[in-house]
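The structure appears below as structure tokens.
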There are 2 protein chains.
Amino acid sequence: MMAKGVVTIKDLADELGIAPSTVSKALRNNPAISEETRKKVNDLARRMNYKPNAIALSLRSNRTKTLGLVIPEIVHHFFSLVIAGIEDLAYDAGYNMIIFQTNESYNREVIGVQTLLASRVEGILISLSKETRNYDHLRNALDQGIPMVMFDRVTSDLETDKVTVDDYHGAYMAVNHLIRTGCRRISHLSGPPGLPIADLRRMGYSDALRDNNLEVNRDLIMYCDNFKQARIRTKQLMNMTQPPDAFFTVNDLTATGVIKSLLELAIPIPQQVSVIGFSNDELSQVTHPALSTVDQHGYQIGQASIQLLLDRLMAQGAALPFIHHVIKSELILRDSTRISILSE
Amino acid sequence: MMAKGVVTIKDLADELGIAPSTVSKALRNNPAISEETRKKVNDLARRMNYKPNAIALSLRSNRTKTLGLVIPEIVHHFFSLVIAGIEDLAYDAGYNMIIFQTNESYNREVIGVQTLLASRVEGILISLSKETRNYDHLRNALDQGIPMVMFDRVTSDLETDKVTVDDYHGAYMAVNHLIRTGCRRISHLSGPPGLPIADLRRMGYSDALRDNNLEVNRDLIMYCDNFKQARIRTKQLMNMTQPPDAFFTVNDLTATGVIKSLLELAIPIPQQVSVIGFSNDELSQVTHPALSTVDQHGYQIGQASIQLLLDRLMAQGAALPFIHHVIKSELILRDSTRISILSE
DNA sequence: GAAGCTATTTCAATCGATTGCAGCCTTCTT
DNA sequence: AAGAAGGCTGCAATCGATTGAAATAGCTTC
């Protein structure tokens, strides 16, 4: 049975000795078809396990029920959370997701977007690669009328819906908490300048200091966003004549490097030095002491992004205003920071 | 310019006053077309930013250049590594990936596979959900001639290519190392019975004990595979009159729970108690002490899986033998285990 | 000048499904 | 008994691109 591979409407028609168009109408419950024929067709379709060819349907309807996702790296807890959020809602709305990872390469991002366009995705979700400075590939997509939502790594050069976390405010809250618990020399291990999320977090850090009448000391700010570098930088910083009494890092992995180095130096956390990361990765609950951090709510970012895209698809090209949805970040206090000692 | 949306071959033909078939042949460098026409067509195509409609091509050629991936959860370091391995090679081979996550639900797995079939993917990569006991949805796909590769969570009920990590051997190596470094009462925190990867790791544990003439003590084996439970179980076990001197856990997150509890109990690691996890997640280098573990090589598993699938697609349905590719696991020794003290 | 060649181009069918319209067959009406 | 009406079914075009076959134009040759 069914050695021929895939069953088409024509196969059903031939089997029953009727026209393909009749079969099609019967399957779609067109009222012009008699009850008898309808039943015959449906029965046979079930028996032969007929499934409509989505490709043919797409060609005819010009709808692919497919969305494209372009993402820097899947192997990041944050991004995989975003993907999960997107997947879950896309699935409920009956959309397939084609996923491209750019590995932070601009070239792959361009090719990815082009491939998605060739596949006739109905919409695109994208988080920009670290290298991306030119947006022609995205303008191209927008010109073709493909709706787009940028999330997390966005640019103000394009008019699209956007979803970001309030990096600035998250950083501000974190640093403010450090100050309120008595820290005065707070070091910041930051991401590369020019990367918006890193810049925003650095600004939040600086502004929190200023608002508390603390000077921003450039010697305490380093560009360092991974575990290995953090190990080195921490020891350098702790060797200063006036070492920091707290670290605020651009991500959790960097913070774990700080913690590890501090433990090796036998510096008590948080009694002598406090540490706050950023992301609330899985690993933040696992360190000793458990890491205080800022939750980015990746799953919600994913959900908000796909929701904006679905809304726009629903609107059928009606001119909805562009929305920039800012997801609230949340300060998660664990054991790498002191309990608030200053109350106002 | 280009307000009409997407450019088709017919648009080019109308613009030049020639037939669509001529345009098509010119674009594909058919020798029957004059140099002059070819140039005119290619120039216009570039100017109007013509891109062939992949849907139409798929319908005609019956090739979608798309593969399907069904995976329990994206938000797992191991699985995201696998996806990355798959993505990278699929991309190089010119294939798109449609991804479905089942969230460990059998129903979603069935729907996912059916959707992939409707989308006419050319092949399927799948890691079974924890619930899956019936394989009709997969047999269905195989009957339609869709090649399939199962990875990590596989079943012997189906004849397909498979890629797994040598869980048994990894566990055996881990426990053997514990014994060689002097541990005698080794507890195992295991995954649910019936889940092949958990069963294999438990067997590796038991066999290593037996081969070293140690008894398998059922009191030291617990079903516990997450951080929270591990915190509780560890304290229970350490309260025994003869507490364990080592823990081997089914995954890294569980191991981090053990470490945290031991630290709280002020039990020195590895001097009094050793710990080995399984996976080599990002978090294993982050604990204090850094966690010894077994690397599953997720990225390679992904690469091996997609390679098997691509090979089969290349073979054009020729009857290749089914391959079960077992990826070597690797014991990663960090600071939660002692240095080998017994040499033979 | 008619037949034959060659170089180009167009026609038409195809992939699988959908759908407005035409057409056929019954049956009812007058 | 002829014509109208209504119920079903089939025809053909369509979506975008490809490709073998047919057609056309231009040119040579005897």
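As a basis for the values below, the full set of heavy atoms in this structure was taken, side chains included, without hydrogen atoms, waters or symmetry mates. Labels below follow one simple rule: chain letters A, B, ... track the order of the sequence lines, proteins then strands, and each chain is numbered from 1. Please read these numbers as outputs of a predicted model, since none were measured by experiment.
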Query raised in the report: Do the side-chain N or O atoms of B/Y50 get closer than 4.0 angstrom to the phosphate oxygens (OP1, OP2) of D/dA17?
Result: yes
Query raised in the report: Between B/D14 and B/K10, does at least one N-O distance fall below 4.0 Å, as a salt bridge requires?
Result: yes
Requested in this report: State plainly whether the residues A/R47 and A/E15 are in salt-bridge range, i.e. N to O under 4.0 Å.
Outcome: no
Query - Between D/dT18 (P) and B/N29 (CG): distance, integer Å - result: 12 Å
**Report entry** Test item: side-chain donor near acceptor, A/D88 and A/Y299, under 3.5 Å
**Finding:** yes
Query raised in the report: Between C/dC15 atom P and A/K10 atom NZ, what is the distance in whole Å?
Result: 8 Å
**Report entry** Pairwise 5' ranking along DNA chain C for B/P31 and A/I9, keeping only the more 5' one
**Finding:** B/P31
**Report entry** For atom CG of A/N53 and atom C1' of C/dT14, their distance in whole Å
**Finding:** 14 Å
Query raised in the report: Do A/S119 and B/N96 have a side chain donor and acceptor closer than 3.5 Å?
Result: yes
Query raised in the report: B/L57 near the nucleic acid: base, sugar-phosphate alone, or nothing, with a heavy-atom cut-off under 4.0 Å?
Result: sugar-phosphate
List the atom pairs, donor and acceptor, that lie under 3.5 Å between side-chain atoms in residues 16-24 of chain B and the rest of the protein, sequence neighbours left out.
none

Requested in this report: Could you tell me the separation between the CG atom of B/L12 and the P atom of D/dT18, rounded to a whole number of Å?
Outcome: 11 Å
Query raised in the report: Rounded to whole angstroms, how far apart are CG on B/N30 and P on D/dA17?
Result: 17 Å
Requested in this report: Check each of B/N62, B/T66, B/I146, B/T64 against B/R120 using the side-chain contact (heavy atoms from CB on, under 4.5 Å) test, and report the only one that passes.
Outcome: B/T64
**Report entry** OP1 or OP2 of C/dG16 under 4.0 Å from side-chain N/O of A/R60
**Finding:** no
Query raised in the report: Do we get B/R108 above B/F100's six-membered ring, with its NZ or CZ under 6.0 Å from the centre and within 45° of the axis?
Result: no
Could you list, one pair per line, each protein nitrogen or oxygen that sits under 3.5 Å from a nitrogen or oxygen of nucleotides 9-12 of chain C, together with the distance?
residue	atom	partner	partner atom	Å
C/dT9	OP1	B/T37	OG1	2.6
C/dT9	OP2	B/S34	N	3.3
C/dT9	OP2	B/S34	OG	3.4
C/dT9	OP2	B/T37	OG1	3.2
C/dT10	OP2	B/A19	N	3.1
C/dT10	OP2	B/T22	OG1	2.6
C/dT10	O4	B/K25	NZ	2.6
C/dC11	N4	B/S21	OG	3.0

Query raised in the report: Bend angle of the helix from C/dG1-D/dC30 to C/dT30-D/dA1 from five-pair axes at both ends, rounded to 10°?
Result: 90°
